[in-house]
Amino acid sequence: MLLELKDITLLYGRIQALHGISLTVGQGEIVALIGANGAGKSTTMRAISGLRPVAQGSIVFDGEDITKLRADLRVVRGVSQSPEGRGIFPGMTVRENLEMGAYTRRNRTEINEDMERAFTLFPRLKEREKQVSGTMSGGEQQMLAVGRALMSRPKLLLLDEPSMGLAPMLIQQIFDIIVEINQQGTTVLLVEQNAQQALSRAHRGYVLETGRIVKEGTGQELLHDPAVKDAYLGVA
Amino acid sequence: MSEPHIETPEELDRANERPVDEPAPSGSAPESRPTPEAAGDVLLEMDDVTLRFGGVVALDGVSFALRKGEIFGLIGPNGAGKTTCFNAMTGVYRPTSGAIRFQGQSIVGKKKHEITRSGIGRTFQNVRLFPEMTALENVMVGADAHFKTSVLGALFRLPRFWREEREGREKSLELLRFVGIEHRAGEVSRNLSYGEQRRLEIARALATNPTLLCLDEPAAGFNPAEKEDLLNLIRKIRDTGVTVLLIEHDMRLVMGVTDRIVVLEFGKKIAEGTPAEVRENPAVIAAYLGVPTDAA
Amino acid sequence: NKDTSSDTASGSNCGYKLAFFGALTGSAANLGVNIEQGFELAVNQFNEKKGSTCIEVAKFDSQGAAEVAPGVARSLVADKKVLGIVGPPFSGESEAADPIFAEAGIPTITPSATRTSLASKGWKVFHRAVANDDAQGPAAAAYIKDVLKAQKVFVADDQSAYGAGLADVVKSKLGAAVVNSDKTEGDGKQTDFSALVQKVKSSGATALFYGGYYTNAGLIRKQLTAAGWKGTLLGGDGMKDQGLAKASGNAAAVGTVVTCPCSPPEQAGQDFNNAYKAKWNVAAGTYSDVAYDAANIFLQGIEAGNTTPEKLNNYLSTVNYKGIANTYKWTPEGELDPTLIKVWAFKFDASGDTKADQEIKTS
Amino acid sequence: MNFSGLIQDFGPLTITGLAQGAIIALFALGYTLVYGVLRLINFAHSEVFLVGTFACLIVWGFFGLDQNSATPGLLGVLGYLAIGLLAAIVASGVTALAVELVAYRPLRRRNAPPLAFLITAIGASLFISEVVGVLTDRNQRGVPPLIVQKDVVSFGNTHITNLQILIIVLALVMMFALDRFINRSRLGRGIRAVAQNPDAAALMGVNKSRVISLVFLIGGLMAGIAAVMYDLKIGATKFDAGFLLGIEAFTAAVLGGIGNLRGALLGGLLLGLLQNYAASLLGSEWLHAASFVALVLILLFRPTGLLGESLGRARA
Amino acid sequence: MSVATDKRNGGAVRGWLGRQPLPVRLALVALFVVAGYLLPYVGSIPVIGPQIVTQGIDWPSALFNMSYYVLLALGLNVVVGFAGLLDLGYVGFFAVGAYVTALLTSPDSILHTEWAWLASIPIALAVTMLAGVLLGWPTLRLRGDYLAIVTLGFAEIIRIVATSTEVLRGERGFSSIPHPPGQGSDGKPIFGVADATPYFWLGLTVILLVIVGVRNLDRSRVGRSWLAIREDEEAAELMGVRTIKYKLWAFAIGAFIGGLGGIIWAGNQNFINSATFQLQFSILVLAGVVMGGSGNIAGAILGGALISYIPDRLRGIEFGDTDLYEYRFAIFGAAIILIMVLRPQGLIPSRRRAMELKDRQKEVAPQ
Ligand SMILES: Nc1ncnc2c1ncn2[C@@H]1O[C@H](COP(=O)(O)OP(=O)(O)OP(=O)(O)O)[C@@H](O)[C@H]1O
Ligand SMILES: Nc1ncnc2c1ncn2[C@@H]1O[C@H](COP(=O)(O)OP(=O)(O)OP(=O)(O)O)[C@@H](O)[C@H]1O
Ligand SMILES: [Mg+2]
Ligand SMILES: [Mg+2]
C-alpha cells in the first residue's frame, strides 16, 4: 500500500467533519473519492497533505507514519496536491507557479524536463508562460494547478475536483490526462463531483457521506451500484 | 448589446425557445419589456443585465421575470453566473448595464440593506452565518431589519425596545421551529451541523420578511432524505405567500419543486420554461444536463 | 551607635522630613537628579553635624509629568512629617502639584521652575530660588546684541512653554535683527532638523537662538555643523547640560552660549563642589547649588524652631539668606527680590562642559 | 505660509527629503514584508531599528570611537562603516528573529486572533525600548563623525553631499537587490507564495515557519542598514528613536501600499519630501501633521495605498 | 438544552454570572458595587491591604487614575471589541473632552467663559461625539489595518494641533480648571485638591452608569448588529443591518465615553497641557482592552485597571538597590507578552471568544 488512512477523525472547531475514515491507495492505482457537497472529500485530502491536523487515527505513506508531519515535509516524501479552488499563486506568472511546484527540488535539468512535460500535457500553459496567472480563465488555472502538482514528481498525486470549472470538452481532456499521468507511473487519488467520469476511469472508488465512508468497490462496481447511481450519477 | 446575436445553431434554438422574452431588437437603449403574459404580477424583473469583472463577462444581457407566488429555478453549469445573478439582485454587485426592478422599482444602485428591507431575502452558496452568534441571535439579526428601536431606545430600554425584543425573539423562535432546528436555538452557529447551518440561513433570511426569497444551492451537501425535507420546506415557504428563487444543481429537487426555470450558460440565458420543457431542451442537455449515461 | 540616632531624632526640632518632589526617573530625570543630589547633600551635612538623622529626606518621583504629579503630590501631603519641599523642578508639574501643596500649606522652594505665571496663582507657599523667564530672555537678547554683535539672528523654539516664552522675548527684544524664525517639535518628537537647518542657512543668520532643551539642541547643533553652518547657537538654561555636547560632539558644541539665572559653580566654593563630588561621584550640575541653598534655608528655619509647615512658610517670608549660589530674599509672591537676580552667560568648551563666560547686565 | 521660502530652498529641501525618505523606506520594508506575509502589523519593528542604531555605536565604541573622535582616513572610514553596518545588521536581525520567536511564534502555534499578535508586538516594543532606555539612562548618545559631509555635486543653492549620496544609493541598491531576491530567487518565490496563499505554499513544500523567520530577518537586516544611515545623518540616537521613526516608516509603508516592496520605497521617499516641503512651507512643527493629513487624503482616494497591496497580490 | 432555558438567556452566549439565578446575580452585583466604593479603604485590611495599596503614589489617586483608564478601556472596547474597528488613536477623544472643558472653564481660555465644570459637560460631550463621527466618517471605507494607521494619524494631528495652535495653548496649557461642584456639611468643597477619594467615587459612579449603558446596548439589536458586522460585514448588510450607521454609532459612543474620561480627568487635574496626550497612551489602553479580554465588559475593566495599576504599584518597590519603578514599562511589556501568550483571548474573555479560540487551537496544522 502506498497510502493508508486508519480511522481518521478531523474537527473544524467543534464540527466533526470526518468520523473515522479508513481507506487505502495502492501503488499505481487511480482511486476515486466521491460524495455530496460537504461530505468531507476535501477534508480528507487536507488531512493527507497535512493542511489540517487529524484528531485521531493515523496516516501511513510509503511505510512511514506521517500523521504528525508538517505539510511541506510530506511534499518532500512525495505527496503532492492540487487543492480545491486551485490554490494558484495569482500574482505569479505561469512559469513561476510551475517553479513553485518544484520548490523542494534542486536539480535544474530535471526540473526543466518536467516543465517541458507539463507544457506538453497542457500546451495552453506554454502559450501563457509569462502571463500573470490570476488573470487567466478558470479552466486555464485548473490546468496550471494540475501541472504544478506534477512538478514535484510526486509518488502520490492528490487531485481535488480537477474538472471543476472546466468546459465539458476540457473535462474529457483532463480525465484523459489523469489516465496518462497514471500510466506514466504516478498514483492518483481523485476527488470528483463528476462521479460518472471519475469512476469510469478509476481502479477503485470510495463513497463518502457526511464524513463517513459508506461504500467502496472497484470503479465499475460503484458505477453500477443502484444507490450510487441514484445519488451521484444520474440526472433523474 | 441590443441585437439578439444569433450566431450559432444553438442560439437559434434558444431564440426559438423564448419568443416572449426577446429584448427589443433595435434602439441604442434597450427598452424594458416585462413578459406580457405575466405583466400584471411580475415581482422581480432582470432586464438585459450585463455584469463584467474586468475581462470576465459573468452576466451577458440576461433578462427574465419572476411572478408573484411562484417557485422559480435558476440552473446552469458552474460559473454560469447564477450566484452573480443573486449578487446583482441583492446589491452586492452593480450591473455594468441593464435594469433590475423589484415590485416595479429599480433597485440598481440601492444599498444592500435597503434592498433587504424592501423585501428580498437570501442565503449564500457557501454558508455565511455569523459564526460566533447563537442560532437564535443569527435569526434575530434578520428580524431586526424591520424593527425601529433606536440606539437611544436600546440604551434607555424604552418600552418599544422591550416590545420589539420580545417580538423578535418570538418570531425568531417560531422560524427556527419552522425550519426544524428550534432545539438548537442557544447553540453557537459555528457548532451546528452543515444541514442545520443551511436551515438556519433560511430562517435568518425569512426573518427579514421577504416577499422574494433567494436560495443559493440550499440542498448542497444534503442526503436524499434531507433533500426531501427541504423540498417540503420550500413548498411550505411558498405557501406562506413568499416567492422563491432557487439555484440548485440537484435536478430532482429542481424539477420537483419549481414552477418555471431559467438556464444560464457562460452568463447568457439559454433556455426558459417549465421543468418539463427545459428538461427536453437540447441546448440545455448539451450544456448542462449532459447526455444520459451510455458511457457506463 | 545606630539606636541612639532614633533617640536623638526625637530631640529638639528633630524627627521631621524635608521632601524632594520632581523627576527621578524618565526622560526628564537629569535635572531632577541634579537638584535632588544638591538637596540631599545639604540635609546629610546637617544631620552629620547633628550626629543623628534629625531631618529625614523624602523623595517623590513625579517623572516631571503634569499628569502624574497630582497623585504623587497627594501622597507627599499625606505624610504629616514633611515640613518643606524642594521642587518641583518643572513648570508644568508645578501647575498641577502646587495647588495641592498650597492647600496643604507646605512651603515649596523651586530651584528651577521659571515660568513667570507660577508666582501669580496666589499660592502662599510658592517660592522661587532663581529668576523667572522674564529675566533670562532679555539677558539672552542683550548678549546677542552687545557681546556677539550679531546682525542677523534666527530664532527657533520647541513650542514648550519654557522655550517658546524665551524665544518670544528674544524675538521682541532683537526686533529687526531677527531675519527668520521657526518652530520644532519637542524633545523626542523630532530628530531630523534638515528643514530648520536649511532655513537657517538660507537666512544668512550668524546666530541661532533656540528656545528649548539640550536634547534637541544637541541634534540641531550637530546637524547645523554637518551642513556647514558656522554661526553661534544660543539658548537658555534648558540647554545648559553636558548632554548637548554628548550628542553633538565637543567640537561642534564649542562656543555654544547658554544663559542661566544661576551663578558659576566656582562661586559656590570649593567646599561644596568637593563635597558634592565626594558624595555623588559626579560634578555638581545645573541648579545643584541652588537646591543645596534651598535645603539649607529650610534647615535653618527648622533649627530656629519652625516645626510646622505653617511656621516654616512664615519664616520663609522673612528670610534673608546668603547661600553659596546667591542671596535669597522673597517678595510676597514668592519671587526672588529683583535686586538679587543674576543672569550669567556660559559657553561650552572643548571638553564638553559649560564654563562661565560673563554675567549679563539685564538692566 | 512661506511660499517664497519653499521655492527658494526647493532644491536643497528635495535632496535632504530624499535622503531622509530613503532611510524611512529601508525601515518601512520590515513592516511591509511582515504585513505582506502575515497580514499583521509588527509593532516591534521600531525596536528592531532602535537596537541597530545602538549596536553600531557600541561596536565603534570598542574601537575607541565616540562623538568626539577625529574623523579617520578614507580606509578607516570604509572599514568602520563596514563594521558598523555589520554590527547593526546582525543586532537588528537577531532582534527581529527574537521578536518572532517570543512574540509571534507561540501565538501562531495557538492560532490566536490577530489582535493578540498586535498586542504582544506592542509588549515587545515596550520591553525593548524601555530596557534600552534604562541602560542608557534615557540619554542621547552621539555618533562619531565618521563622515564629514562635503558637497559632491552643486548646482545653484542645491548641494548634494557625500553622505546623502551614500544614503540614497545604498537604499536604492538594497531595494533593488531585495526586489530581485523576492522576484527571482527560489526563497523569494517561497516568500511570495506564502504571502499569496499560505496553504498552497505548504502544498508546494514551502516551510512556512522558516519563510516567516526569513521575512523577519530580512526586515531586520534592512532596518539595521537604515539604523546606521540614521545615526550618520541625525548624529545621535536615543531610546525612543525607534518609536518616533517607526510611526513614520509605518505610515510610509501604508502610503505606498502595505505589503508592497516598491510601495515602501515610494512611500518613504514621498514622505521624506513631503515632510521637508511642509516644514518649509508651514513651519517645522507641522511636518508630522502634514504627513498624516497626506496619508488620510491618499487613503480616501486609494484605500489600499498608492501602489496597492501585497507581494504581487495586486490582482488577486 | 430545553427551549425554556433558551428563552431565559435569549439565545445569547452567557458567562458564569449570566447563568446564575436572578437573586444571586443581583446580590453578587450589589456586593461588587459596594466593594468598589470601599476600595479607598482597602489599605486598612490587615495583611493583604498593605500589599494592594500603592506606595509612591497616594492610593486614592491611584484609584482615580485607574478609574479613568477603566473608562477609556470601556469606551475603546465598544469600538474595538464590539464593532471590531481597530482604533489606535483613542486618546484623541480623551483629549477633545478635556480640552473642551478647559476651553469653557479655564480663565486662561480665549473664550473667557469661565463656566462651572458641570456646565461644560454637555457641550464637551457633544463636541467629542461629533469628533467621533467626523473621524469615523472618512475611515469607514478602510479595512482593519488601514483604519488603525489613520486613527493613529488623527490622534497625532490632534496632539500636534493642541501643541502648535495659539487657542489650545500648547504646552503652556490651561490652569485653574474648576473642580466638580458640591460642599460637605462643614462647608468645605467635596472635590478638593488634597483628597482624591471623592474623584474616585465620581469616576466609579460614571463607570457604573457606563457599564449599564454599554451593556444595554450590547444586549440589544445594536449589539447584535455590531457583532454581525464584526463577523461578516457584507452578510450583515445583506440581512438588513445598516452597517455604516452602526459603525458611526460605535465611534460616537466610544468617543462619548472617552470624552467623559477626559472631562472628569480635567476636573481633577486642575491643569492640562498638550504633553499628556501621547500616542503611547492610546496604545496602552488598547493593550489593556485586549489583555483584559476584548469584547467583554468585565475584561475591559480588568485590563484598564491593570494598565494603570501595575506601573503605579511598582513605585517604591526596591529590588536589591534598584527601584523597580524605573523598569516598570519594561516589566509591563514583558507582562503583556506573557499574558497574551498564555491567554491569547485575554484574561476574562467573553465566552464567545474563549470558545472560538479553543476551537481554533485544534485546527493548527502540524508545525
Ligand atoms: N474551514 C472550515 N471550517 C469549518 N467547517 C468546514 C471548513 N471547511 C469545511 N468545513 C465543513 O466540513 C465538512 C466537509 O467539508 P469538505 O470541504 O471536506 O466537503 P467536500 O466533500 O469536499 O465538499 P465539496 O464537494 O463541496 O467540495 C462540511 O460540512 C464543511 O462545511
Ligand atoms: N468578484 C469576482 N471577480 C471576478 N470574477 C468573478 C467574481 N465573482 C464571480 N466571478 C466570475 O463570474 C463567473 C460567474 O460566477 P458565479 O459565481 O455567478 O457562478 P455560478 O453560476 O454561481 O456557479 P456555481 O454553480 O459554481 O456556483 C465565474 O466565471 C466567476 O469566476
Ligand atoms: Mg471539496
Ligand atoms: Mg454559485
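Naming: A, B, ... by sequence-line order, numbering from 1 per chain.
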So, are E:Arg328 and D:Glu130 salt-bridged, with charged N and O less than 4.0 Å apart?
-> no
Determine the interplanar angle of the D:Tyr104 and D:Phe117 rings, folded into 0 to 90°, and report it as parallel if under 30°, tilted if 30 to 60°, perpendicular if over 60°.
-> tilted
Return the option, out of E:Val80, E:Val150, E:Leu279, E:Thr139, with the maximum number of heavy-atom pairs under 4.5 Å with chain D.
-> E:Leu279
Turns out that what part of D:Ile122 lies under 4.5 Å from chain E's heavy atoms comes down to side chain
Under 4.5 Å from any heavy atom of chain D - which part of E:Ile339 = neither
Segment of D:Leu118 engaging chain E (4.5 angstrom heavy-atom cut-off) | side chain
In terms of side-chain heavy atoms, does D:Ser213 have a donor or acceptor partner in D:Arg105 at a distance below 3.5 Å?
-> yes
Cation-pi geometry met for E:Arg159 and E:Phe277 (6.0 Å, 45°) = no
With only heavy atoms counted, which part of E:Ile337 is less than 4.5 Å from chain D, the side chain, the backbone, both or neither?
-> both
Is atom CZ of E:Arg343 surrounded by more than 12 heavy atoms (other residues, nucleotides or ligands) closer than 6.0 Å?
-> yes
Part of D:Leu115 lying under 4.5 Å from any heavy atom of chain E | both
Distance-only donor-acceptor check, side chains E:Ser274 and E:Glu171, under 3.5 Å = no
Sort out for me which of E:Ile331, E:Ile283, E:Leu284 touches chain D most, counting heavy-atom pairs under 4.5 Å.
-> E:Ile283
Residue part contacting chain E, namely of D:Phe243, when any heavy atom lies under 4.5 Å | side chain
Given a strict heavy-atom distance threshold of 4.5 Å, which part of D:Leu295 is in contact with chain E: side chain, backbone, both, or neither?
-> side chain
Taking E:Thr243 for its side chain and E:Glu237 for its backbone only, find out whether a donor-acceptor pair lies under 3.5 Å.
-> no
What are the two closest non-hydrogen atoms of E:Tyr69 and E:Ser308, and how far apart are they?
-> CD1-CB, 3.4 Å
Counting only heavy atoms closer than 4.5 Å, note whether E:Thr163 contacts chain D via side chain, backbone, both or neither.
-> neither
Residue from D:Val131, D:Val296, D:Leu300, D:Leu107 scoring the most non-hydrogen pairs under 4.5 Å with chain E is D:Leu300
Check whether E:Leu88 gets within reach of chain D through its side chain, its backbone, both or neither, counting any heavy atom under 4.5 Å.
-> side chain
